[in-house]
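Letters A, B, ... mirror the listed sequences (proteins, then strands); counts begin at 1.
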Amino acid sequence: MEQRLLHIYNLMYEKAGPKNWWPADTSFEVAVGAILTQFVSWKNVVTAIDNLKAQQLLSVEGICEADDERLEELIRSTRFYKQKVRKLKSFCMLLREKYGSCPDRFFEQEMYALREELLKLYGIGEETADCIILYAAEKPIFVVDAYTRRIFNRLGFFEENIRYREMQEFFMGNLPHDTRLFNEFHAQIDGIGGHYCFSKKPDCMECPLGVLCKFKKSNRATAPVRQDAQATVKRK
DNA sequence: GCCCAGGGGGCTC
DNA sequence: GAGCCCCATGGG
């Protein structure tokens with residue numbers, strides 16, 4: 001199984017190249033981005049992060065001290081902004097009260113202790129917690145998401161309604177626990193989800209995983225077949 | 001105008 | 001624990 005997963009990883013990596021996640025200047029910025037990106041495209045998050053930076057508010061103290069209304073205005077582009085202000089504040093209050101406003105002291109603790117503490121916070125569920133652990137604290141936990149579910153369901157690995165925990169155990173049970181691998185693997189899955197594996201009308205012809213995909217095969221009868229793809233089939 | 005996107009909380013049964 | 005609704009912007 002490990003070899004199958006690494007083969008999938010290599011197909012994605014060869015097509016897209018390194019993703020170099022997560023785009024941020026500091027670990028704290030990664031964590032803020034992880035909260036803001038909940039159910040919204042990354043472009044909207046960049047706007048909000050830039051706004052916070054421009055107002056010198058992208059810090060533990062900055063967020064703790066700022067008025068809710070002011071923060072709401074700055075992160076409006078990320079949807080559900082009232083809830084997200086509450087989420088950011090709950091995270092930053094923890095860092096201030098328990099870690100002396102020093103994010104690195106928080107991130108340096110043991111991975112599962114960190115996870116437990118994150119999950120107690122308002123607005124941080126499993127996926128956001130794991131994003132923070134992998135991309136901010138740089139510890140080897142495997143992040144799964146809606147794209148992972150869809151892609152690996154279509155590849156034939158998962159049932160469509162598989163739970164988060166089960167998906168995560170699958171990857172962590174079958175891959176070496178390596179932060180760099182987990183970082184790049186999730187980033188590549190995200191790339192496939194965003195570029196090819198749409199819920200409706202996926203672009204199976206261009207997808208680097210098409211050669212392995214059961215969904216593509218079952219979809220072939222209804223999907224428009226391109227000329228060059230037809231030619232490839234005939235040659236065989 | 002309409003659809004949908006990298007989640008999580010809270011409620012009900 | 002599963003199922004449902006709520007939150008409420010921006011781009012195609």
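Ring pair A:Phe106/A:Tyr99 is perpendicular by interplanar angle, where above 60° counts as perpendicular and below 30° as parallel.
Partner of A:Arg115 under the salt bridge (charged side-chain N to carboxylate O under 4.0 Å, His left out) criterion, chosen from A:Glu110, A:Glu127, A:Glu126: A:Glu126.
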> Can you give one letter per nucleotide of nucleotides 7-13 of chain B, going 5' to 3': B for a protein heavy atom under 4.0 Å from the base, S for sugar-phosphate only, - for none?
Replying inline: BSS----

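Of the residues in residues 167-198 of chain A, those placing a heavy atom less than 4.0 Å from an atom of DNA chain B are A:His186, A:Asp190, in numerical order. Sorted by residue number, the members of residues 9-31 of chain A with any non-hydrogen atom under 4.0 Å from DNA chain B read A:Trp21, A:Trp22.
With respect to the salt-bridge test (charged N to carboxylate O, under 4.0 angstrom), the residues A:Arg163 and A:Glu169 do not qualify. With respect to the salt-bridge test (charged N to carboxylate O, under 4.0 angstrom), the residues A:Arg70 and A:Glu73 do not qualify. Checked for salt-bridge contact, A:Lys53 and A:Asp25 meet the test: a charged N lies under 4.0 Å from a carboxylate O.
Atom CD in A:Glu73 sits roughly 11 Å away from atom P in C:dT9 (whole-Å rounding). Regarding A:Asn51, its CG atom lies at a distance of 13 Å from the C1' atom of C:dT9, rounded to whole Å. Atom pair A:Leu36:CG and C:dA8:P shows a separation of 14 Å (rounding to whole Å applied). Between the NZ atom of A:Lys201 and the P atom of B:dA5 there is a distance of 14 Å, rounded to whole Å. Nucleotide C:dA2 holds its C1' atom 17 Å from the CZ atom of A:Arg165, rounded to whole Å. Straight-line distance from the CZ atom of A:Arg149 to the C1' atom of B:dA5: 16 Å, rounded to whole Å.
Aromatic pair A:Phe171/A:Phe182: ring centres not closer than 6.0 Å.
The structure places CG of A:Leu58 at 5.5 Å from CZ of A:Phe28, a figure rounded to the nearest 0.5 Å.
There is no path of hydrophobic side-chain contacts, each under 4.5 Å, that joins A:Leu155 to A:Phe198.
Side-chain atoms of A:Asp145 and A:Thr148 form a donor-acceptor pair, as typed in the model, at a separation below 3.5 Å. Judged purely by distance below 3.5 Å, without hydrogens or angles, the side chains of A:Gln83 and A:Gln38 never pair a donor atom with an acceptor atom.
C:dC5 is paired with B:dG9 under the Watson-Crick or G-U wobble criterion, all donor-acceptor distances under 3.5 Å. Base-pair partner of B:dC3: C:dG11 (Watson-Crick or G-U wobble, both distances under 3.5 Å).
Relative to the ring axis of A:Tyr122, A:Arg86 places its NZ or CZ within 45° and under 6.0 Å from the centre.
Scanning both residues, A:Trp22 and A:Gly33, for their nearest heavy atoms gives CZ2-C, 3.9 Å.
Comparing C:dC5 with B:dC4, their P atoms are spaced 16 Å from each other, to the whole Å.
When the side-chain nitrogen and oxygen atoms of A:Tyr81 are compared with OP1 and OP2 of C:dC7, none of them lie within a distance under 4.0 Å. Phosphate contact (OP1/OP2 of B:dA5, side-chain N/O of A:Thr78, threshold under 4.0 Å): absent. Here A:Arg79 does not reach the OP1 or OP2 of C:dC7: none of its side-chain N or O atoms lies under 4.0 Å away. At the phosphate of C:dA2, OP1 or OP2 sits under 4.0 Å from a side-chain N or O atom of A:Arg163.
Contact annotation for A:Ser199: backbone-only contact, meaning every heavy-atom pair under 4.0 Å involves sugar-phosphate atoms and none involves a base. Within 4.0 Å of A:Lys82, counting heavy atoms only, lie sugar-phosphate atoms of the nucleic acid but no base atom.
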